[in-house]
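What you are looking at is a predicted structure, and each value in this text was computed from that prediction instead of being measured. When a ligand or atom number is given, it counts from 1 through the structure's own listing order.
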Amino acid sequence: MKINNILSMSGGKDSCSTALLAVAQEVDFEMVSADTGHEHPETYEYLDYLESWFGKPIRRVKADFSEQIARKRRKLIAGELPGWTDAARDRALQVLYPTGIPFLDLCMWKGRFPSSQARFCTQFLKTEPIIEQVFLPLLDANEIIWSWQGVRRDESHARRYAKEFEEVGGGLFNYRPLVRWNADRVFEAHRYMGLKPNPLYKQGMGRVGCMPCVNSNKAELQAIALRFPDEVARVREWERLVSEASRRQSSTFFTATNDALHTSTDLVDYKTHGIDRMIEWSGTARGGRQFDLIAASADPESCKSAYGLCE
Ligand code: SF4
């Protein structure tokens, strides 16, 4: 039976190091990347660089929510969705069309953004398109897949017990060769092999993925506000579209209650509690009560790295 080594490539440091390890072990592997439509342009450019560095193509897959959106439209028109007012329905029908941007279409279909508590984005935007478009055709042909994943145990609590190797079933195996690695070792692998890390790591980003990720921390938000106003403007527009497509007519990209100044009596609306409020909060110190002068005077062109890459 044919064995396929398929590596999920996000353009981040861990998936790159996984690929470097495969090269060092002289493994024949393929790379696949799930395009969420919500990556920074420099990550898309970096994927092109990786293709030339590794000398092989990265297969790009995308989720498509046009059917789900069409179904939601039909149900709205037929009045089959409970709790919708006529005004909310009419507004939703004006914006509820597929855009071809997977992240935005997923949120318009769901009528909300994902969050750290409801992280449906990974499943719908990354896991399922790769399984459906890449893995299933091979498994249906009775081939074996080793799915190489750049997962490290020290990344997060949820990954603390990640297994290095596991059988999923049906010929699919997960292989996570970096489970015991830390971030220093990951960047050391880049240095040793001569691969440039994603440039966003020198622009204040602790992680590379969606821009921004729903799990972004305050420092990352601060860096995004300083360096990437176009991405902030895009998210602001997405908040409007997703809000108009939602029953409540409001949805914020970040959970508004994460803001330290939020009180339980605040009425949450995307116009007052959206990305701009979180950006404003990211530029504060002392629990959000004081303007952070040091952050505000930072140079947007300067090198900043949580991993000591600027030294
Ligand atoms: S990078 Fe963040 S926002 Fe993007 S799919 Fe993953 S968890 Fe969701």
Relative to ligand 1, is H38 under 4.0 angstrom through side chain, backbone, both or neither, heavy atoms considered? neither

Least distance between heavy atoms, K13 atom then Y201 atom: N-OH, 2.8 Å

N/O/S atom of C210 inside 2.8 Å of atom 2 (Fe) of ligand 1, strictly under: no

Measure the distances from the heavy atoms of V214 to every atom of ligand 1 and state whether one is below 4.0 angstrom. yes

Let me know which of Y175, F135, F173 forms a side-chain contact (heavy atoms from CB on, under 4.5 Å) with S147. F135

In short, M108 meets A245 closest at the heavy-atom pair O-CB, 3.9 Å

Please identify which atoms of ligand 1 are closer than 4.0 Å to at least one heavy atom of T122. 5 (S), 6 (Fe), 7 (S)

Protein contact of atom 8 (Fe) of ligand 1 - nearest heavy atom, named by residue and atom, plus distance: C121 SG, 2.3 Å

Close approach, T36 and ligand 1, non-hydrogen under 4.0 angstrom: no

Does any N, O or S atom of C213, backbone or side chain, fall under 2.8 Å from atom 8 (Fe) of ligand 1? no

Would you mind running through ligand 1 and noting each atom that sits below 4.0 Å from a heavy atom of R119? 7 (S)

With no hydrogens and no angle check, just 3.5 Å: does a side-chain donor-acceptor pair link W148 and N5? yes

Spell out, yes or no, whether L125 and L241 are grouped together once hydrophobic residues are joined by side-chain heavy atoms under 4.5 Å, including indirect joins. yes

Is the positively charged end of R234 above the ring of F228, judged by distance under 6.0 angstrom from the centroid and angle within 45° of the axis? no

